[in-house]
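Please read the structure below before turning to the comments.
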Amino acid sequence: MSDHSPAGAADTPEAFVADAEALLERHGAGEAGFAAIAERLRRLAAEPAVLERPELGGLHGSASATILCEGAGGSALMLASFPPEAPTPVHNHNSWGILCVVRGTDRYLRWQREDDGADPARARLRLAEERTLRAGDVVWFGEPPDDIHSQQGVDGPAWELVYFGRNPNRVPRAYFDPQTGAVTYDDAAR
């Protein structure tokens, strides 16, 4: 695992993912591993070239994103943009994840499930945390059901890198309506 990019060389998503998977192997998918990966993700987020990815697809109906790289161990690095016009619906990722704001300001809401999840069409959620994240700020979330959140850019788009334990676009995501308790399932890329 590299600790620093060679002098004058740009950091790349591929180098990040290789380093992150090595950190996971060393520290595990928990607090120590997530903290080490978060520091590595900050370095990648500081690279000017990271936003030079022109092809972003729709995400959650209000945001846009692309998978930059998938690792040999199944992990995935995503670049996402969240507009200020509307928040994403409350959703899950079917994976743990670590996000780092690259540019802009993000309103990040973390939701906690209060029921046992026995009924896949219903959920009782409560807002557990609201944070305002700026460039260089990181947040991580655990495996389901600890991966439920919504996001929105503040005063402009919020650009983020998000590293997942597995590609969250491979299976339908759960979308939650905290007011009615309804849960629906759909592909995130739409």
Side-chain angles (χ1 to χ4, degrees), residues 1 13 16-45 59-60 63 65 67-80 82 87-102 106-120 122-134 136-152 158 160-178 181 183-189:
M1 177 183 66
F16 165 81
V17 169
D19 287 353
E21 287 190 342
L23 289 166
L24 283 172
E25 195 170 307
R26 182 182 305 154
H27 301 290
E31 291 294 314
F34 294 165
I37 293 168
E39 287 307 310
R40 180 65 179 84
L41 191 57
R42 277 189 181 106
R43 282 197 354 241
L44 179 61
L59 183 71
H60 306 306
I67 297 292
L68 298 176
C69 181
E70 291 188 65
S75 66
L77 178 65
M78 176 185 284
L79 174 65
F82 300 95
T88 64
V90 178
H91 63 279
N92 75 351
H93 283 282
N94 298 306
S95 174
W96 58 260
I98 305 162
L99 70 86
C100 181
V101 177
V102 177
D106 175 34
R107 179 174 178 245
Y108 178 84
L109 304 177
R110 184 177 60 83
W111 298 82
Q112 186 164 355
R113 193 163 187 161
E114 293 187 318
D115 64 318
D116 64 4
D119 182 351
R122 309 286 309 157
R124 190 172 62 253
L125 300 180
R126 74 171 174 81
L127 182 61
E129 178 181 24
E130 180 175 348
R131 294 182 63 183
T132 300
L133 305 172
R134 292 176 176 77
D137 288 345
V138 295
V139 167
W140 56 79
F141 47 87
E143 288 288 345
D146 295 330
D147 62 334
I148 302 170
H149 64 270
S150 62
Q151 295 170 263
Q152 181 176 5
E160 298 176 359
L161 289 170
V162 190
Y163 180 65
F164 297 101
R166 53 197 167 274
N167 187 331
N169 293 342
R170 296 207 186 272
V171 296
R173 309 255 191 109
Y175 289 91
F176 302 86
D177 184 331
V183 181
T184 57
Y185 299 85
D186 200 355
D187 290 332

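One-based numbering along the sequence shown. Remember, it's a predicted structure, so these values are computed and weren't measured experimentally.
Listed here is the closest heavy atom pair of Ala45 and Cys100: CB-SG, 3.7 Å. Shortest non-hydrogen contact noted between Leu24 and Ala29 is CD2-CA, 3.9 Å. The heavy-atom pair separating Arg40 from Asp19 by the smallest distance is NE-OD2, 2.8 Å. Of all heavy-atom pairs between Pro144 and Arg166, the closest is CD-NH2, 4.4 Å. The shortest heavy-atom contact between Phe176 and Ile148 is CZ-CD1, 3.7 Å. Val138 and Ala38 get closest at one heavy-atom pair: CG2-CB, 3.8 Å.
In this structure, CD in Gln112 is found 9.5 Å from CG in Leu125, a value given to the nearest 0.5 Å. How far CZ of Phe16 is from CG of Leu44: 6.5 Å, rounded to the nearest 0.5 Å. Rounding to the nearest 0.5 Å places CG of Leu109 at 8.5 Å from OG1 of Thr88. One finds the OG1 atom of Thr132 at 8.5 Å from the CG atom of Asp106 (value rounded to the nearest 0.5 Å). In this structure, Asn167 CG and Leu77 CG are separated by 11.0 Å, a value rounded to the nearest 0.5 Å. Remark: Glu160 CD to Ile98 CD1 distance equals 13.0 Å, nearest 0.5 Å.
Using modelled atom types, no side-chain atom of His27 and backbone atom of Glu25 make a donor-acceptor pair closer than 3.5 Å. For the pair Arg131 (side chain) and Tyr108 (backbone), a donor-acceptor distance under 3.5 Å is absent. Looking only at distances, a side-chain donor or acceptor of Tyr185 sits under 3.5 Å from a matching main-chain atom of Pro120. Judged by distance alone, with hydrogens and angles left aside, the side-chain atoms of Arg110 form no donor-acceptor pair with the main-chain N or O of Glu129 at under 3.5 Å.
Side chains of Gln152 and Phe82 form no contact here, defined as non-hydrogen atoms less than 4.5 Å apart. Residues Pro168 and Asn94 fail the side-chain proximity criterion, which asks for heavy atoms closer than 4.5 Å. Within the 4.5 Å cutoff, side-chain heavy atoms of Leu99 are placed close to those of Gln151. Taking 4.5 Å as the limit, some side-chain heavy atom of Trp111 sits within range of a side-chain heavy atom of Leu127. Pro172 has its side chain within reach of Asp187: a pair of non-hydrogen atoms, C-beta onward, lies under 4.5 Å apart. Between Tyr163 and Val17 there is a side-chain heavy-atom pair separated by less than 4.5 Å. Within the 4.5 Å cutoff, no side-chain heavy atoms of Met78 are placed close to those of His93. In this structure, Phe34 and Phe141 have side chains that are not in contact, with every pair of non-hydrogen atoms separated by 4.5 Å or more.
Asp119 meets the side chain to side chain donor-acceptor pair (under 3.5 Å) test with no other residue; sequence neighbours excluded.
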